[in-house]
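To find a chain, count down the sequence lines: A is the first, B the second, and so on, and within it residues start at 1.
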Protein chains: 2
Amino acid sequence: MDKKNSVDQAVEAVADLGRDIGDYIREQRSNAQISLRQLAKLAGVSNPYLSQIERGLRKPSAEILQQIAKGLRISAEALYVQAGILEQRVGGAVVDAVLADTELTERQKQVLLDVYETFRRENASKHSADATEE
Amino acid sequence: MDKKNSVDQAVEAVADLGRDIGDYIREQRSNAQISLRQLAKLAGVSNPYLSQIERGLRKPSAEILQQIAKGLRISAEALYVQAGILEQRVGGAVVDAVLADTELTERQKQVLLDVYETFRRENASKHSADATEE
DNA sequence: GCACTCCGCTTGCAACTGCTAGCACAGGTG
DNA sequence: CACCTGTGCTAGCAGTTGCAAGCGGAGTGC
């Protein structure tokens with residue numbers, strides 16, 4: 001019984017993953033205000049396939065994600081993260097990378113990290129404001 | 001004739017890509033001094049398939065690469081770069097981290113990377129000036 | 001000789017990926 | 001009305017991916 005529930009949950013989790021990347025792509029496409037066919041053309045993939053991806057029916061390869069990212073004018077990495085291919089390391093991948101960068105002075109590092117934190121704060125408060133309005 | 005040569009070259013280029021990741025995996029495995037079967041077991045993929053990958057006969061998905069990376073105890077990103085899924089960007093770690101950060105908008109990412117590149121350019125010219133004095 | 005373990009590889013197959021042809025619907029034009 | 005363009009989706013298919021079963025070879029111990 002417990003094992004069955006565990007398998008069911010795993011299946012649902014996988015299905016959710018497909019929906020995650022599909023929802024994300026649809027959202028970005030909506031933000032860009034282009035139709036499914038337009039994005040498919042920009043990305044160089046077939047529009048039925050893009051439709052299936054958005055609805056979580058198919059799981060695209062990294063190459064297809066790369067093409068979709070190009071069509072959306074966003075980084076492929078962002079799509080990889082949504083697809084679970086690339087890890088989004090919480091709390092500090094950017095911080096770590098900046099601090100470790102030997103081509104920057106310490107002062108420049110601080111400036112960069114200040115800008116980064118400012119952006120993050122802006123996005124966090126905008127996110128809270130959205131939640132408050134709803 | 002020209003078109004045929006162009007197609008041939010494209011085919012060879014694709015085959016080379018397969019050999020690139022395959023050679024790289026074999027090399028890492030050799031460094032780790034483990035057999036193909038041992039790595040396959042550690043990675044959780046079938047050993048015939050791993051063999052085919054190493055010989056460039058098959059093109060593994062990102063998920064399989066992730067598993068192989070785990071078995072080799074190396075980062076998945078290193079394999080993605082070899083497979084052409086991920087770009088190895090100049091100034092890599094910072095750029096990669098910024099692009100993959102889902103808490104930033106695409107515009108903020110560009111701003112941050114612009115600042116970063118500006119700093120690096122400053123340091124590069126300062127570095128050249130130092131070299132000239134020496 | 002035999003049986004066993006390890007090695008890397010071949011083969012055939014099921015499931016999956018990405019595509020083409022085409023559908024139904026909505027809106028606009030003459 | 002017919003025709004056109006645009007929209008997102010269905011269905012069937014060819015090619016690809018990843019696997020299991022099994023092979024031949026090498027080495028070891030009885």
Of the nucleotides C/dC19, D/dG18, C/dG8, which has the atom closest to the B/Arg58 side chain?
D/dG18
Gap between atoms CG and P, on B/Leu57 and D/dG18 respectively (whole Å):
14 Å
Donor-acceptor contact present, side-chain A/Thr118 to main-chain A/Asp114, <3.5 Å
yes
Any donor-acceptor pair under 3.5 Å linking the side chain of A/Gln67 with the backbone of A/Gly44?
yes
Whole angstrom is fine here: how far is it from CD1 in B/Ile53 over to P in D/dG18?
7 Å
Mind calculating the distance between CD1 (A/Ile64) and P (C/dC16) to the nearest angstrom?
18 Å
Between A/Arg58 and A/Ile53, is there a donor-acceptor pair closer than 3.5 Å when you use the side chain of the first and the backbone of the second?
no
Whole angstrom is fine here: how far is it from NZ in B/Lys59 over to C1' in C/dG18?
12 Å
Of B/Leu50 and A/Leu36, whose nearest nucleotide on DNA chain D comes first from the 5' end?
A/Leu36
Which is more 5' along DNA chain C, the nucleotide nearest B/Ile34 or the one nearest B/Gln52? Just name the residue.
B/Ile34
Given atom CD of B/Gln38 and atom P of C/dT5, what is their separation to the nearest angstrom?
16 Å
Answer yes or no: does a side-chain N or O of A/Arg37 lie under 4.0 Å from OP1 or OP2 of D/dG8?
no
Looking at A/Asn47 and A/Ala40, would you say the former's side chain and the latter's main chain have a donor-acceptor pair under 3.5 Å?
no
To the nearest angstrom, how far is A/Ile25 atom CD1 from D/dG8 atom P?
14 Å
For C/dT10, does either OP1 or OP2 sit under 4.0 Å from a side-chain N or O belonging to B/Ser51?
no
Base D/dC9 to side chain A/Asn47, donor-acceptor N/O within 3.5 Å cut-off
yes
Looking only at side-chain N and O atoms, does B/Arg29 come under 4.0 Å of OP1 or OP2 in C/dC7?
no
B/Tyr49 OH to C/dT10 P, straight-line distance once rounded to whole Å:
15 Å
Integer-rounded Å distance: C/dT17 C1' and B/Glu63 CD
13 Å
Count the heavy atoms belonging to other residues, nucleotides or ligands that lie under 6.0 Å from NZ of A/Lys59, then report whether that count exceeds 12.
no
Looking at A/Ser35, does any N or O in its side chain come under 4.0 Å of the phosphate oxygens OP1/OP2 on D/dT7?
yes
